[in-house]
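See structure below.
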Amino acid sequence: MARIRTIKPEAFSSESLAAVSITAERTFFGLLTQADDHGRFRDQSAVIAGLLWSLRPEHGPIEVEDDLTQLAGNGLICRYEGEDGKRYLHIVTFSKHQKVNRPSGVRHPNCPYHDGGRVPLTSPLAQGGLREASVHPQGPAPELAPSAPPTSPILVSAGQGGFNEPSVKHHGEMREPTPSPHGPDLGPRIMDLGSPLGGASAPAAPQTVTTQHLVGEYAAACGKRPPESVLGHVGREIGKLLREGIDPEHVRAGVERMRVKSLHPSVLPSLVNEAMNPPQATGGARRAPQPYTNPVDAEAAYGGQL
């Protein structure tokens, strides 16, 4: 259940919070009220969106996943997997800023990096660089800087705009790369590669066009990166169209027309409809207008009504 928490005045001058978007900051403050007395909560973007953004339907699970990615990338939360195989998150500075008189019992598994002292499987490189999967050395594992905790025990989030490398295989399974910050793929996180003793792996699943892909194409085609609010609006419109079952190629054509004409994202459905149903040229030549002439026999022409 939600709890009353404390927000200190210096939170609004925090450089870490200033590095994320306004919506990510709001999600962070909301997580303080939902986390247990040890600063832990389930890492489920859909559930968090329902608890914190129920009256803001335009900010759904996809947008909340983007918020969590930003918070993890700036060391404000730590995303990890418990021994039960479920995903959790931990507010890193919770115990420093929240004073709980009578803390309840443990509701969620301890964070293995901040509560258990476990060294992650991967080590972070310089900010903005690519995170590579590490290999276990023959000896004590190196310690990580406390200011840059990993976002997951399997995958470490790279710097903003970067990508993630999959970790080493364990028991015939491989973790898929985590989604980029501009739109998550909420599909399965584990891909079965078949028996570890078998020769060939399972065939790769066919590529599907997602909201993330189309927004990325739109941003890359622009001369300069559009504002985050514009990208968010474009992503919401694209997501609605894809959920209706519209062909991604028609959506892509509409997005391209919107970019070329520098139109507002709200007109995207009309542009997609134009791509789906192009105007048809009328067949046949039009008759030239004939000048009006008085009838020779007015009585016959007007039926005696004159």
Side-chain angles (χ1 to χ4, degrees), residues 20-24 27 45-46 48-50 53 56-70 73 128 130 157-166 176-189 191 202-286:
V20 302
S21 64
I22 295 296
T23 58
T27 296
S45 57
I48 295 173
W53 297 91
R56 304 276 186 169
E58 70 278 4
H59 201 83
I62 293 178
E63 289 74 20
V64 169
E65 179 66 26
D66 180 50
D67 294 343
L68 298 178
T69 302
Q70 293 183 54
L130 186 69
S157 175
Q160 291 184 351
F163 297 90
N164 296 313
E165 285 290 331
E176 291 183 341
T178 56
S180 70
H182 298 295
D185 182 0
L186 301 180
R189 299 192 180 190
M191 179 175 59
Q207 295 291 333
T208 58
V209 179
T210 64
T211 301
Q212 170 190 349
H213 295 147
L214 295 178
V215 174
E217 292 176 2
Y218 168 76
C222 295
K224 294 184 178 180
R225 181 178 178 82
E228 291 295 333
S229 59
V230 174
L231 292 177
H233 196 165
V234 172
R236 290 191 293 272
E237 295 294 339
I238 292 176
K240 293 176 184 178
L241 295 168
L242 293 180
R243 286 192 293 270
E244 291 181 18
I246 296 177
D247 190 341
E249 292 303 320
H250 290 146
V251 178
R252 179 180 282 117
V255 171
E256 179 63 15
R257 296 184 187 189
M258 179 189 67
R259 183 191 66 82
V260 171
K261 299 179 181 180
S262 298
L263 299 176
H264 193 271
S266 60
V267 304
L268 181 58
S270 298
L271 297 175
V272 173
N273 180 57
E274 181 180 342
M276 296 169 57
N277 304 292
Q280 302 293 330
T282 57
R286 297 180 60 185

Search all heavy atoms of [X] against all heavy atoms of [Y] and return the closest pair with its distance.
X	Y	value
W53	T23	CZ2-O, 3.6 Å
G239	T211	CA-OG1, 3.5 Å
V215	G235	CG2-CA, 3.6 Å
I238	V251	CG2-CG1, 4.1 Å
V272	I246	CG1-CG2, 4.0 Å

- Task: Start with the C-alpha distance between I48 and L68, add both sets of side-chain angles, then the distance that settles side-chain contact (heavy atoms from CB on, under 4.5 Å), and finish with yes or no.
- Result: CA-CA 10 Å; I48 295 173; L68 298 178; 4.0 Å; yes

- Message: So L231 and R225, do their side chains get closer than 4.5 Å, heavy atoms only?
- Response: yes

- Task: Give a yes or no on whether the backbone of G60 and the side-chain of E63 come within a donor-acceptor separation of less than 3.5 Å.
- Result: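 It does hold such a pair.
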
- Item | Polar side-chain atom of Q70 near backbone of S21 as donor-acceptor pair, under 3.5 Å |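 Yes.
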
- For R259, all residues meeting salt bridge (charged side-chain N to carboxylate O under 4.0 Å, His left out), sequence neighbours excluded: E256

Side chain to side chain contact (heavy atoms under 4.5 Å, CB included) with [X]: which residues, sequence neighbours excluded?
X	value
P227	S229, V230
L263	M258, K261, V267, L271
A49	P61, V64

- Task: Sequence neighbours left out, what pairs pass salt bridge (Lys or Arg N to Asp or Glu O under 4.0 Å) with at least one residue falling in residues 234-247?
- Result: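 Pairs touching residues 234-247 that pass the test: none.
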
- All pairs passing ring-ring contact (aromatic ring centres under 6.0 Å, His included) where residues 226-278 contributes a residue, at least two apart: H233-H264

